[in-house]
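All figures in this text were calculated on a predicted structure; none of them were measured in a lab. Counting starts at 1 for both ligands and their atoms, following the listed order.
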Amino acid sequence: MKLVKSIKYLNKILDRYRSDGFKIHLTPTMGALHGGHLKLVKESKKIKSIVVVSIFVNPTQFGPKEDYKNYPRTLKNDLKVLKKYGVDIVFIPIKKQILSHKTKYNCPQFAIEKRLCGKSRPKYFPGVKNIVLKLFDIVQPDTAFFGEKDYQQYLVIKKMTESLKLNTRIICVKTVRDRNGLPLSSRNNYLSGQEFKIAIKINKLLKKLPPLIRTKLKINKILNHTKKVLIDHGVDKIDYLTVLNDDLSIRKKISDKSRIFIAAKIGNTRLIDNIKI
Ligand code: PAF
């Protein structure tokens, strides 16, 4: 496994692989790796070729009062597991170099960026697009892998790739959950024992909703009731709990293209999840 920090050196290695006929697969991460990330890596390994994982805690996607400073950084362990998973290249860009890297692209803003997480985290999607575009420009991946847990992020990146006509195929990899149904997330590290118990309730309740929603009986009433139950269970704030079509457009009717989306705060930790109906 090669550990690369310089953009120039990475380009040199990747150019050589490309001219030898290899395809390049990229999994962008912010480190603090867990089973969800490793599933992305596993999927990328299925398509034989060079597997690149980037690790960079991107300051541009955090708001001023968010957790950039405290975001878990576990590089030593991350490198150990990536080696075990047979990753070829870990790209850990130098902060100054990647932030000043310019691309020829000017990415438009999409309407879906203003929904769900975009409402309470206005810096998030512009920051994600900014860094992912730089990573795509540097790595020129044939395929890039993103998790279904961050479904809105996956859609924004897919839209960006299509609108800029980039030659990268975007793949969405199914959410990995622990045995309690809690989706794996680096932010789960913040939860205390008591908060963890509260977090588990979110998925437990979410799972009960699809059959109720499919009956098409007063969906808003069902969602409002679920919010109340979650607050009663100790969730501090529900940012959103809603049902949208899977392209994030407003639902006119419930179909197999509908999804339930939730963002909730437990203490200072903001957790998100989504499931198909
Ligand atoms: O999902 C993440 O970890 C980040 O948002 C990403 C895609 C690596 C961009 O910083």
### ligand 1 N/O within reach of Gln61 N/O, cut-off under 3.5 Å
yes
### Query
Among protein heavy atoms, which lies nearest atom 2 (C) of ligand 1, and at what distance?
Gln153 NE2, 3.9 Å
### Query
For residues Asn274 and Arg259, is any side-chain donor paired with an opposing acceptor at under 3.5 Å?
yes
### Query
More than 12 non-hydrogen atoms from neighbouring residues, nucleotides or ligands closer than 6.0 Å to CG on Asn167, yes or no?
no
### Query
His25 and Asp142: side-chain donor and acceptor closer than 3.5 Å?
no
### Task
Could you tell me the residue and atom name of the protein heavy atom closest to atom 3 (O) of ligand 1, and the distance to it rounded to 0.1 Å?
Met30 CG, 3.6 Å
### Message
Can you confirm whether the side chains of Tyr124 and Gln153 place a donor and an acceptor under 3.5 Å from each other?
### Response
yes
### Query
Can you list the atoms of ligand 1 that are under 4.0 Å from a heavy atom of Thr29?
8 (C)
### Query
Can a donor-acceptor pair be found between the side chains of Tyr190 and Asp67 at a distance below 3.5 Å?
yes
#### Entry: For Ile131, the ligand 1 atoms whose distance to one of its heavy atoms is below 4.0 Å
9 (C), 10 (O)
